[in-house]
Engineer: 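Would you mind keeping the following structure in view while I ask a few things?
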Amino acid sequence: MAMSMLNCVRVGARVALSEKLRTASAGVVSQVRWLNLHEFQSKKMMADAGVTVQRFRMADTVDDAVEISKTFKVREFVIKAQILAGGRGKGSFDTGFKGGVHLTKDPSKVAPIVKEMIGHNLITNQTPKSGVKVRQVMVAEALDIARETYLAFLMDRTCNGPVVVGSPMGGMDIEEVAEKNPNAIYKEPIDIGVGITDAQARKMAAFLEFKDTKLDDAAEQIKRLYGLFLKVDATQIEINPFGETPDGQVVSFDAKINFDDNAAFRQKEVFAMDDTSESDKREVEASKHNLNYIGMDGNIGCLVNGAGLAMATMDLIKLHGGEPANFLDVGGGVTEGAVYQAFKILTSDSQVKAILVNVFGGIVNCATIANGIVNAAKSIKLTVPLVVRLEGTNVNAARTILEQSGLPIRTGADFEDAAKKAVESLK
């Protein structure tokens, strides 16, 4: 039983702790930009659901901070720059100011600290070298933590539905706990038709070693977190730490929430919170046209349909001595307009010195791709070498369109020939 529990928890831990890998790999197989919320957005969402979090206020300007310092009555302030990257506490600003997280008991110091953050770039180990501009600062009540536990709800394929996972060993790497001390982790599948029961919530609270009235409080918080999990179509809510304060409060101190992107149509308020200001503008633009784009460091722009073909195309470019500038998958439902937008995105990158189009027309009509290529090349006055390999549905008509276009398009006889020609065009 311990091994089966560990296997299920390992799946959950990987989901909870490998968001960066999930984002990178999932971006290669699905035309989706993963929603990432700021800390204050997640905490507001939880507070609105009745979950106990630190009280906080938001400052968009130094004047806001002055007002907060006068009206927000707390024993100690914790002041946090709001960017999507991690490592804020150990980061530094482009001005030399150290730390994106500060503590103070003196209200008069709140505004000066906020002034050092807003409008300046915070540089951490997860940001670009130039950092990310801070546009908002969260001024929160600093709470002491008497004890830390771990709590998570997630959709787990191994368990065929939602599970709740908990450990009294909070504030640590849960995957490490699963490896070294599997008995310190408890998981329980939840019947999605019934929801989490009082008995299940109390059992988890007891396993997390909450006592007396705090056990009742923890169980209630667990039920509210599950209610939020369902309400917002989350695939994961991870609370680490889920803890208690010296005065006996049960608090969700920090949270990571992932959402089911397939539910965006019915979670409009949630997805409207997406902050794209820190994202690659090309990726944001691509997502508007149902294109999947990931920028890279090379100089050969790639336009491909299908994630597997796209990755193989990049491999062949590298095999023949070139470097791909991007991953761009136009998908199976691509239109001429989407091809035009794809070319605009490719050519917006000054590093791109040649473009390789590699399309296998199974679902895609090659003639649609060919018309899109010709119209795009003429409209944007394409100046870099263009190599095209098309195969599949309506390919003969597509080749005729390219041949009669009057454009200097080089065609590849096959997959590898096209990659070779793209690399050779740069010499």
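Residue numbers count from 1 along this sequence.
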Engineer: If you compare all heavy atoms of Asp417 against all heavy atoms of Thr411, which two are closest, and at what distance to 0.1 Å?
Structural biologist: OD2-O, 4.1 Å
Engineer: Yes or no on salt bridge (Lys or Arg N to Asp or Glu O under 4.0 Å) for Glu141 and Arg57, after CA distance, side-chain angles and deciding distance?
Structural biologist: CA-CA 9 Å; Glu141 176 185 21; Arg57 303 286 186 274; over 6 Å; no
Engineer: Can you list everything that forms a side-chain hydrogen bond (donor to acceptor under 3.5 Å, both in side chains) with Asn121? Sequence neighbours excluded, please.
Structural biologist: none
Engineer: Classify the ring geometry of His38 against Phe40: parallel below 30°, tilted from 30° to 60°, perpendicular beyond 60°.
Structural biologist: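 Ring orientation, 0 to 90° scale: parallel.
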Engineer: Quick check: closest heavy atoms across Ile257 and Ala234, and the distance to 0.1 Å?
Structural biologist: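 Smallest heavy-atom distance, with atoms named: CG2-CB, 4.2 Å.
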Engineer: Measure the spacing between CG of Leu346 and CD1 of Ile300 and express it to the nearest 0.5 Å.
Structural biologist: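 Output value for this atom pair is 12.0 Å.
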Engineer: Applying side chain to side chain contact (heavy atoms under 4.5 Å, CB included) to Ile222 and Phe153, what does each step give before you reach the verdict?
Structural biologist: CA-CA 9 Å; Ile222 289 168; Phe153 293 95; 3.7 Å; yes
Engineer: Flag the pair Leu122 / Met117 as yes when at least one side-chain heavy-atom distance between them is below 4.5 Å, and no otherwise.
Structural biologist: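 A side-chain contact is absent here, since even the closest heavy-atom pair is not under 4.5 Å.
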Engineer: Is there a side chain to side chain contact (heavy atoms under 4.5 Å, CB included) between Ile380 and Tyr340? Walk through the geometry before answering.
Structural biologist: CA-CA 9 Å; Ile380 64 178; Tyr340 171 74; 3.9 Å; yes
Engineer: Side chains of Arg399 and Asn396: does their closest heavy-atom pair fall under 4.5 Å?
Structural biologist: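 Counting from C-beta outward, Arg399 and Asn396 do come under 4.5 Å.
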Engineer: Quick check: closest heavy atoms across Pro168 and Leu208, and the distance to 0.1 Å?
Structural biologist: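 Reported closest heavy-atom pair: N-CD2, 3.9 Å.
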Engineer: Nearest 0.5 Å please: distance from the CG atom of Leu426 over to the CD atom of Glu323.
Structural biologist: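 Result: 11.0 Å between the selected atoms.
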Engineer: Phe343 versus Asn375: any side-chain heavy-atom pair under 4.5 Å?
Structural biologist: no
Engineer: Closer than 3.5 angstrom, by distance alone: can the side chain of Arg224 be matched with the main-chain N or O of Gly50 as a donor-acceptor pair?
Structural biologist: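 Flag set: sc Arg224 to bb Gly50 pair under 3.5 Å.
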Engineer: Check the pair Asn326 / Cys302 against side chain to side chain contact (heavy atoms under 4.5 Å, CB included), numbers first and verdict last.
Structural biologist: CA-CA 6 Å; Asn326 64 275; Cys302 304; 4.2 Å; yes
Engineer: Look at Lys43 together with Glu39 and state whether they make a salt bridge at an N to O cut-off of under 4.0 Å.
Structural biologist: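 Salt bridge present between Lys43 and Glu39.
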Engineer: Name all pairs fulfilling the salt bridge (charged side-chain N to carboxylate O under 4.0 Å, His left out) condition that reach into residues 357-378, sequence neighbours left out, sorted by first residue then second.
Structural biologist: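 Sorted result for residues 357-378: empty, none.
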Engineer: Which distance, rounded to the nearest 0.5 Å, do you find between the CG of Asn183 and the CG of Asn181?
Structural biologist: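 Nearest 0.5 Å value for the CG-CG distance: 6.5 Å.
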Engineer: Donor-acceptor pair, distance only, cut-off 3.5 Å: does the side chain of Arg88 make one with the backbone of Lys80?
Structural biologist: no
Engineer: Spell out, as yes or no, whether a donor-acceptor pair under 3.5 Å connects the side chain of Thr393 to the backbone of Gly362.
Structural biologist: yes
Engineer: If only side-chain N and O atoms count, and only distance matters, is there a donor-acceptor pair under 3.5 Å linking Glu416 with His320?
Structural biologist: yes
Engineer: Determine yes or no for a side-chain-to-main-chain donor-acceptor pair under 3.5 angstrom, with Ser167 supplying the side chain and Ala184 the backbone.
Structural biologist: yes
Engineer: Going through the distances and angles, do Leu309 and Val359 end up as a side chain to side chain contact (heavy atoms under 4.5 Å, CB included)?
Structural biologist: CA-CA 8 Å; Leu309 185 60; Val359 169; 5.8 Å; no
Engineer: Quick check against the 3.5 Å criterion: does Asp156 have a side-chain atom that pairs as donor or acceptor with the backbone of Gly161?
Structural biologist: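 Not at all, since once roles are kept as given, no pair shorter than 3.5 Å links the two residues.
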Engineer: Give a yes or no answer on whether the side chain of Lys318 reaches the backbone of Pro324 with a donor-acceptor pair at less than 3.5 Å.
Structural biologist: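 Checking the backbone N and O of Pro324 against the side chain of Lys318, no donor-acceptor pair under 3.5 Å is found.
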Engineer: With a 3.5 Å distance limit and no angle check, can you tell me whether Thr149 reaches the backbone of Phe242 through a side-chain donor-acceptor pair?
Structural biologist: yes
Engineer: Treating Ser379 as the side-chain partner and Ala376 as the backbone partner, does any N or O pair qualify as donor plus acceptor under 3.5 Å?
Structural biologist: no
Engineer: Has Asp297 got more than 12 heavy atoms of other residues, nucleotides or ligands less than 6.0 Å from its CG?
Structural biologist: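 At most 12 heavy atoms, drawn from other residues, nucleotides or ligands, come within 6.0 Å of this atom.
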Engineer: Report yes if some heavy atom in the side chain of Tyr150 is under 4.5 Å from a heavy atom in the side chain of Glu238; otherwise report no.
Structural biologist: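 Contact flag for Tyr150/Glu238 side chains = yes.
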Engineer: Where is the tightest heavy-atom contact between Ala59 and Asp64, given as atom of each residue plus distance?
Structural biologist: CA-CB, 3.7 Å
Engineer: Of Ile237, Val53, Val270, Val51, which is the lone residue that meets side chain to side chain contact (heavy atoms under 4.5 Å, CB included) with Met45?
Structural biologist: Val270
Engineer: Should the pair Lys223-Glu220 be classified as a salt bridge under the 4.0 Å nitrogen-to-oxygen rule?
Structural biologist: yes
Engineer: Taking all non-hydrogen atoms of both residues into account, name the closest pair between Gly321 and Val423 and its distance.
Structural biologist: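 For Gly321 and Val423, the tightest heavy-atom pair comes out as C-CG1, 4.2 Å.
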Engineer: If you take all heavy atoms of Glu179 and Pro182, which pair is closest and at what distance?
Structural biologist: O-CD, 4.1 Å
Engineer: If we only count heavy atoms from C-beta on, is the Val357 to Ile409 side-chain gap below 4.5 Å?
Structural biologist: no
Engineer: If you define the side chain from C-beta out and look only at heavy atoms, does anything of Thr52 sit under 4.5 Å from Gln221?
Structural biologist: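 Yes, close enough: below the 4.5 Å cut-off.
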Engineer: Decide yes or no for Leu386 and Ile373: does some side-chain heavy atom of the first lie under 4.5 Å from some side-chain heavy atom of the second?
Structural biologist: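 Yes, their side chains come closer than 4.5 Å.
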Engineer: Atom CD1 in Ile118, atom CZ in Arg135: separation rounded to 0.5 Å?
Structural biologist: 11.5 Å
Engineer: Examine distances only and state if a side-chain atom of Gln136 and a backbone atom of Gln82 form a donor-acceptor pair shorter than 3.5 Å.
Structural biologist: no
Engineer: Please check: side-chain N/O of Asn240 versus main-chain N/O of Gly171, any donor-acceptor pairing under 3.5 Å?
Structural biologist: yes
Engineer: Quick check: do Met172 and Val177 have side-chain heavy atoms less than 4.5 Å from each other?
Structural biologist: yes
Engineer: I need the Ile239 CD1 to Glu148 CD distance, nearest 0.5 Å.
Structural biologist: 13.0 Å
Engineer: For Ile363, does the CD1 atom have more than 12 heavy-atom neighbours from other residues, nucleotides or ligands under 6.0 Å away?
Structural biologist: no
Engineer: So how far is it from Leu382 CG to Leu407 CG, rounded to the nearest 0.5 Å?
Structural biologist: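 Reported value, rounded in 0.5 Å steps: 8.5 Å.
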Engineer: Any carboxylate oxygen within less than 4.0 angstrom of a Lys/Arg side-chain nitrogen, looking at Lys180 and Glu176?
Structural biologist: yes
